[in-house]
Structure formats: structure tokens, C-alpha cells
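Have a look at this one before I ask anything.
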Amino acid sequence: MEIPFFPTLFSTVRSLVVRQPFFPTLEDWLVNHPKILGFSWNNGQTPASSQRFLALTVLCYISFTFILSQVSRPSLARPVLKSISALHNLFLVTLSFIMALGCLVSIFSQVPNFRTLVCFPKRTSPSGPLFFWGYIFYLSKIVEFMDTLLIILGNSMKRLSFLHVYHHSMVVIMSYVCVNSAQSSFSMVLVTNCTVHVVMYAYYLMCTLGVRPKWKKMVTDFQLVQFWSSFLIMAMLAFYHFTGSGCSGILSWCFNAAFIVSLLFLFSDFHAKNYSPKVKNA
Ligand SMILES: CC(C)(COP(=O)(O)OP(=O)(O)OC[C@H]1O[C@@H](n2cnc3c(N)ncnc32)[C@H](O)[C@@H]1OP(=O)(O)O)[C@@H](O)C(=O)NCCC(=O)NCCSC(=O)CC(=O)O
């Protein structure tokens with residue numbers, strides 16, 4: 001059985017993109033590089049791939065966040081903090097863009113059809129370009145811990161919300177689980193999240209540079225659309241899983257689904273508190 005519309009859309013877009021003159025160059029850089037093509041995730045051998053590393057990283061993040069938020073901190077000169085912040089945001093805008101592009105080019109180059117994009121065959125091993133970008137995505141979530149340090153050093157303790165700390169600690173676990181379990185359709189989630197993050201870190205970069213963009217609400221809306229779109233992906237994954245011979249990493253999808261539901265609640269609450277007409281008029 002096949003899902004209507006999406007498989008045709010995928011093959012049409014793909015045949016259009018691969019015919020473009022720039023595609024082979026992008027493919028050489030982002031897919032066929034020996035380090036990318038030959039990538040293999042070996043639990044415990046690949047740097048940062050052991051469960052102990054993951055547990056320690058998340059534990060350290062939560063402990064340091066708690067301790068630093070309680071003790072009196074050395075105050076950094078505002079220009080120094082702004083410069084570090086600008087560099088950090090610029091780095092993440094660039095990295096998010098490269099990850100989205102790398103994963104998208106890998107999809108068009110390596111994934112034979114829409115079904116495989118949504119549902120990796122059972123016993124897929126986490127190796128090759130798609131998982132290389134998944135691995136970089138996982139590492140980038142550790143770099144994002146710097147957001148929390150910037151909030152603390154900037155003494156914006158009101159912004160050190162449960163949503164922020166919960167999101168930053170859980171998303172590392174989620175991306176680890178995705179790669180480790182060769183989770184079906186994670187590449188779609190990666191492309192969506194990195195695209196959202198290009199916009200989000202561009203927003204933060206502009207704030208750091210002293211410009212308050214008028215489109216803050218649009219960033220939050222975009223994040224919410226991202227969470228809703230995960231449910232569409234999930235529905236297609238369930239369809240392929242139950243009508244075919246099963247998909248790789250289905251259990252880890254259940255864990256991620258619960259995380260996405262919780263984010264949807266937290267971000268809807270953030271949206272209501274920040275953009276409802278009552279708040280605007282206050
Ligand atoms: C519009 C949002 C993206 C951000 O909302 P905020 O309330 O944090 O926005 P804000 O207007 O207060 O942000 C401006 C302030 O952030 C500072 N700032 C600059 N760079 C930053 C960085 N990298 N991390 C955190 N803060 C930073 C600026 O100097 C400025 O400080 P000053 O005011 O002192 O000048 C929103 O949708 C959102 O995500 N809210 C949840 C809070 C959060 O932590 N989000 C990020 C991770 S969630 C995520 O990433 C979800 C996903 O995966 O899509």
C-alpha cells in the first residue's frame with residue numbers, strides 16, 4: 001500500500017533538483033567526501049557515542065545550570081558578552097544551514113524513494129551520509145548549551161525557564177537516540193529543525209546586534225509548525241510500519257513523540273503568554 005501525493009511530490013522534486021548544475025558540486029562536498037560517505041556510528045567507539053558520555057553531559061549541564069544560577073557570578077563587560085553572543089549565534093546560523101543542506105543533498109543523492117525516507121528498513125545500520133549529518137546534529141545540540149550560559153552571564157534569569165532547560169537537556173538525548181537506533185525519518189526532522197534554527201539564531205543574532213526584529217512571533221509560529229509537522233511524519237511512519245515489513249527505530253519514535261507532545265504544550269503556553277492580545281495591550 002502507498003500513501004497518496006507525497007511519493008510523487010518527492011520524486012518530482014528530486015528529479016528536478018538532481019538535474020541542476022550545482023547539484024554534483026554540492027554532492028561532492030556534502031555527500032561523497034570520504035569522511036562523510038565512510039561514516040559509521042559505533043556505540044562507544046565514535047567520539048561522544050557512549051551512553052555514559054550522554055548521561056554525564058546531560059547531568060553536568062543540569063548541575064552547572066543550577067549551580068551557576070544560584071551563586072554570585074563574575075559580571076562580564078557588556079561588549080564582551082555581546083561579542084561572544086554574536087559569534088555563537090553566527091556559528092549556529094551557519095552550522096544549522098550546512099546541516100540542513102547536507103542532509104537534504106544526502107536525501108536526494110542516497111534515498112531511493114519516499115517510503116525509504118519515512119521508513120528505513122529494519123536492521124538499518126547507522127552509517128553513511130544521512131547518519132553523518134545526524135551525528136553532527138547531535139553534537140550541535142551540545143554546542144547549544146552555550147545559550148544557557150549566555151542567559152546566565154547576561155543575568156536574564158527570567159529567561160532561564162523550565163521550557164529552556166528542559167528543551168536543551170532533552171533534545172541532546174533525543175538526537176542521540178535517533179542516531180543510535182537508526183531511527184526512521186529522522187532526516188526529515190533534522191532538515192526541519194535546522195531550517196527553524198537558521199531563523200531562530202538569526203533572530204538572536206539580530207537581538208545581540210541591537211536590532212529587535214518585529215518577527216519574533218513568526219519564529220515561535222515556525223517552531224509550532226515544526227512540532228505539528230512531526231505528527232504528520234509520525235502518521236506516515238505508522239502507516240508504512242503497519243502495512244509493510246516494519247520500520248527501523250520505531251520504539252525510539254515513541255520516546256520522541258512523547259517529547260514532541262510535551263514541547264507542543266510548553267511552546268503553546270509560551271505563545272499564549274507572549275503574544276495574546278491581553279499581553280500586547282498590557
Ligand atoms: C522567539 C523565541 C525563539 C525566543 O524567545 P525568547 O523569549 O528567548 O526571546 P527574546 O526576545 O527574549 O530574546 C532576546 C534576548 O536573547 C539574548 N540572546 C542572544 N543570543 C542568545 C542565545 N543564543 N540564546 C539565548 N539568548 C540569547 C539576546 O541578547 C536578547 O537579550 P536582551 O533581552 O537582554 O537584549 C521563542 O520562540 C522561543 O524559542 N522561546 C523559548 C525560549 C528558548 O529558550 N528558546 C530557544 C530554544 S527552543 C528551540 O530551539 C526549539 C526548537 O528546537 O525549535
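Numbering starts at 1 and runs along the sequence shown. The figures that follow rest on heavy atoms only: side chains count, while hydrogens, waters and symmetry mates do not. Each ligand, and each atom within it, is numbered from 1 in the order the structure gives.
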*asked:* Counting non-hydrogen protein atoms only, what is the nearest one to atom 34 (O) of ligand 1? Give residue, atom name and distance.
replied: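 Sorting protein heavy atoms by distance from atom 34 (O) of ligand 1 puts S156 OG, 4.1 Å first.
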_Heavy-atom gap H168 to ligand 1 smaller than 4.0 Å_ = yes
*asked:* Counting non-hydrogen protein atoms only, what is the nearest one to atom 46 (C) of ligand 1? Give residue, atom name and distance.
replied: Y204 OH, 3.7 Å
_Between W253 and S185, a side-chain donor and acceptor under 3.5 Å_ = yes
*Nearest-neighbour protein heavy atom for atom 3 (C) of ligand 1, which is reported as residue plus atom name and distance*: M200 CG, 3.6 Å
*For atom 51 (C) of ligand 1, which candidate among M206, M218, H167, R78 provides the closest heavy atom?*
H167
_Checking a contact table here: which protein heavy atom is nearest atom 17 (C) of ligand 1, and how many Å away?_
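Answer, as residue, atom name and distance: R159 NH1, 3.7 Å.
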*Closest non-hydrogen protein atom to atom 54 (O) of ligand 1, residue and atom name please, with distance?*
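Sorting protein heavy atoms by distance from atom 54 (O) of ligand 1 puts Q226 NE2, 3.1 Å first.
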*By number and element, which atoms of ligand 1 are closer than 4.0 Å to a non-hydrogen atom of L163?*
41 (C)
*Given N193, N89, V171, which one has a non-hydrogen atom that is nearest to atom 53 (O) of ligand 1?*
N193
*May I ask you to list the atoms of ligand 1 that are less than 4.0 angstrom from any heavy atom of V219?*
3 (C)
*So between H164, R212, M146, whose heavy atom ends up nearest atom 32 (P) of ligand 1?*
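Selected option, by shortest heavy-atom distance: R212.
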*asked:* If you count every heavy atom of other residues, nucleotides or ligands that lies below 6.0 Å from F66 atom CZ, does the total exceed 12?
replied: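 Result for CZ/F66: open.
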